[in-house]
Amino acid sequence: MPNDFAARVLHAVRRIPPGRVSSYGDIAVLAGKPRAWRAVGNIMRECRRPDVPCHRVIAAGGRLGGYGGSEGLKRSLLLAEGIEVAGTRVLHLDRVRWTPKPKRSEVSKSPTGDRKRTSGRRRSP
DNA sequence: AATCTGACTGTTG
DNA sequence: CCAACAGCCAGAT
């Protein structure tokens, strides 16, 4: 299934349980392309389906990201699910962040969750 | 088929 | 904390 990426993304978003949120990067990983967060955002924007809780998909760092330009609406939806939000940021991100791999219920400590990525600004011609 | 855009992310200033 | 730059992917024009 080559072009099932969109379908996988929608499926991943759909399996997000209530009271939890996922980041675009996580969705991309679930879809099978850990580097397609961009496409995920595009798909979300296109999606607009009631069976896909796009409002549970947030940006990295707990930022709400966007919601058709109405971040306030997204904030309300998240608050309605029991997720605390401050301004454009989600609080308790560590517990609301839903990720597959139950690995002992939830993340209690930092299970070697190191993020190594040698990249960022490559300007040097 | 080629080019642009974007509900992204991380680093640097 | 915010602005800018760079890297990556899929869909739309």
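Because the structure is a prediction, the values reported are computed rather than measured. The chains referred to below are lettered A, B, ... by the order of the sequence lines, with proteins before strands, and numbering in each begins at 1.
- Residues A:Ile83 and A:Val21 form a side-chain contact, since some pair of their non-hydrogen atoms from C-beta on lies under 4.5 Å apart.
- Atom CD1 of A:Ile27 and atom C1' of C:dC9 are 16 Å apart (whole Å).
- Under 4.0 Å is where a charged nitrogen must lie from a carboxylate oxygen, and between A:Arg56 and A:Glu81 at least one such pair does.
- Between the CZ atom of A:Arg8 and the P atom of C:dG11 there is a distance of 13 Å, given to the nearest Å.
- Across A:His55 and A:Leu78, no two heavy atoms sit closer than the pair O-CD2, 3.3 Å.
- Each of A:Ile43 and A:Arg89 was matched to the nucleotide of DNA chain C holding its nearest heavy atom; the match closer to the 5' end belongs to A:Arg89.
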Name the pairs: protein N/O against N/O of nucleotides 4-8 of chain B, kept only if under 3.5 Å.
from: B:dG6; atom 1: N2; to: A:Asn42; atom 2: ND2; distance (Å): 3.3
from: B:dG6; atom 1: N3; to: A:Asn42; atom 2: OD1; distance (Å): 3.2
from: B:dA7; atom 1: OP1; to: A:Arg45; atom 2: NE; distance (Å): 2.5
from: B:dA7; atom 1: N6; to: A:Met44; atom 2: O; distance (Å): 3.3
from: B:dA7; atom 1: N3; to: A:Tyr24; atom 2: OH; distance (Å): 2.9
from: B:dA7; atom 1: N3; to: A:Gly66; atom 2: O; distance (Å): 3.1
from: B:dC8; atom 1: N3; to: A:Arg38; atom 2: NE; distance (Å): 2.9
from: B:dC8; atom 1: N3; to: A:Arg38; atom 2: NH1; distance (Å): 3.0
from: B:dC8; atom 1: N3; to: A:Arg38; atom 2: NH2; distance (Å): 2.5
from: B:dC8; atom 1: N4; to: A:Arg38; atom 2: NH1; distance (Å): 2.2
from: B:dC8; atom 1: N4; to: A:Arg38; atom 2: NH2; distance (Å): 2.0

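- Shortest non-hydrogen contact noted between A:Ile43 and A:Ala6 is CD1-CA, 3.7 Å.
- Side-chain atoms of A:Cys47 and A:Leu10, non-hydrogen and from C-beta on, do get closer than 4.5 Å to each other.
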